[in-house]
Participant: 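This is the structure, below, for whatever I ask next.
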Amino acid sequence: GRAFWRDNPMVQPYTTGAIVQEHLPADGVQLGRIFAESLWGDYLLFSRRAGQLCVTRDPKGAIPCFYVVWGTCTIWFSNVADLPVAIRRQLRPDFDIIRLNFYCPKMAKRRTGLAGVDQVMAGTTVLVTDGPPIVVENWKPENFIPTSPPDLDASVKNIRDSVLEVVTA
């Protein structure tokens, strides 16, 4: 993928050497959070931290990333059609999530509709340890919403001023 520093989009971290392995945190969750908050672009970050594999997807989710736990290994892929070839078995439908898709078709979901196949959601990190994968949210749009209610009078004035400016232009 492509990654750019949020504060200076003209500088690409992987071409300038700005990401130095020794200065990165040992914790995979913290590493994923740093990437999600500091870098813009389309990327997947695969890293091994403190004995665990960490996979972070950019907040836009432009590059698809699916995974399936198969035996003692986790298989990662970006095209669901490649999975049956890799594991040499037919995939079964996940009727529970298919049913949910009828109720909420636009809602993003970690489950894909294929039994046992999940996706790394945009702005999340998946940690793979000895147990089942752990999903950690690094970035959420709700974090950018002000916690205090807006000043309605000021909002009305801004809208009126904007409309007046457009009309008189």
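Computed from a predicted structure; not experimentally measured.
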Participant: Is there a side-chain contact between Asp161 and Lys157 in this structure, where contact means two heavy atoms from C-beta onward sitting under 4.5 Å apart?
Facilitator: yes
Participant: Is a side-chain N or O of Thr124 found less than 3.5 angstrom from the main chain of Val120, in a donor-acceptor match?
Facilitator: no
Participant: Considering residues at least two apart in sequence or located in another chain, which fulfil the salt bridge (charged side-chain N to carboxylate O under 4.0 Å, His left out) criterion with Asp153?
Facilitator: none
Participant: Are Arg111 and Asp118 ion-paired here, with the side-chain N under 4.0 Å from a carboxylate O?
Facilitator: no
Participant: With side chains defined as the heavy atoms from C-beta onward, is the minimum distance between Pro133 and Tyr67 less than 4.5 Å?
Facilitator: yes
Participant: Do Phe77 and Val68 have side-chain heavy atoms sitting under 4.5 Å apart?
Facilitator: yes
Participant: Atom CD of Gln52 and atom OG of Ser47: how far apart are they, to the nearest 0.5 Å?
Facilitator: 8.5 Å
Participant: Could you check Ile134 against Val136 for side-chain contact (heavy atoms from CB on, under 4.5 Å), going step by step and ending with a plain yes or no?
Facilitator: CA-CA 7 Å; Ile134 301 167; Val136 179; 4.3 Å; yes
Participant: Hydrophobic clustering (ILVMFWY, side-chain heavy atoms < 4.5 Å, transitive) - are Val135 and Val128 grouped together?
Facilitator: yes
Participant: Minimum heavy-atom separation for Ala122 and Lys60, please, with both atom names.
Facilitator: CB-C, 3.9 Å
Participant: Trp76 vs Phe46 aromatic rings, parallel, tilted or perpendicular, using cut-offs 30° and 60°?
Facilitator: perpendicular
Participant: Checking side-chain contact (heavy atoms from CB on, under 4.5 Å) for the pair Cys54/Leu45: CA distance, chi angles, key distance, verdict?
Facilitator: CA-CA 8 Å; Cys54 307; Leu45 169 68; over 6 Å; no
Participant: Is there a path from Ile159 to Val167 through hydrophobic residues (I, L, V, M, F, W, Y) whose side chains come within less than 4.5 Å of each other?
Facilitator: yes
Participant: Once rounded to the nearest 0.5 Å, what's the spacing between atom CG of Asp58 and atom CD1 of Ile63?
Facilitator: 6.5 Å
Participant: Using modelled atom types only, decide if a donor and an acceptor are shared between the side chain of Arg92 and the backbone of Leu114 within a distance under 3.5 Å.
Facilitator: no
Participant: Which atom pair, heavy atoms only, marks the closest approach of Cys65 to Leu44?
Facilitator: CB-CD2, 3.7 Å
Participant: Quick one: does Glu137's side chain get under 4.5 Å of Met121's, heavy atoms only?
Facilitator: no
Participant: Using a 4.5 Å cut-off on heavy atoms from C-beta on, say whether the side chain of Pro64 contacts that of Asn79.
Facilitator: no
Participant: Identify each donor-acceptor pair in which a side-chain atom of residues 96-104 lies under 3.5 Å from a protein atom, sequence neighbours left out, and give them as a table.
Facilitator:
{"from": "Asp96", "atom 1": "OD1", "to": "Arg99", "atom 2": "NH1", "distance (Å)": "3.2"}
{"from": "Asn101", "atom 1": "OD1", "to": "Lys109", "atom 2": "NZ", "distance (Å)": "2.8"}
{"from": "Asn101", "atom 1": "ND2", "to": "Ile97", "atom 2": "O", "distance (Å)": "3.4"}

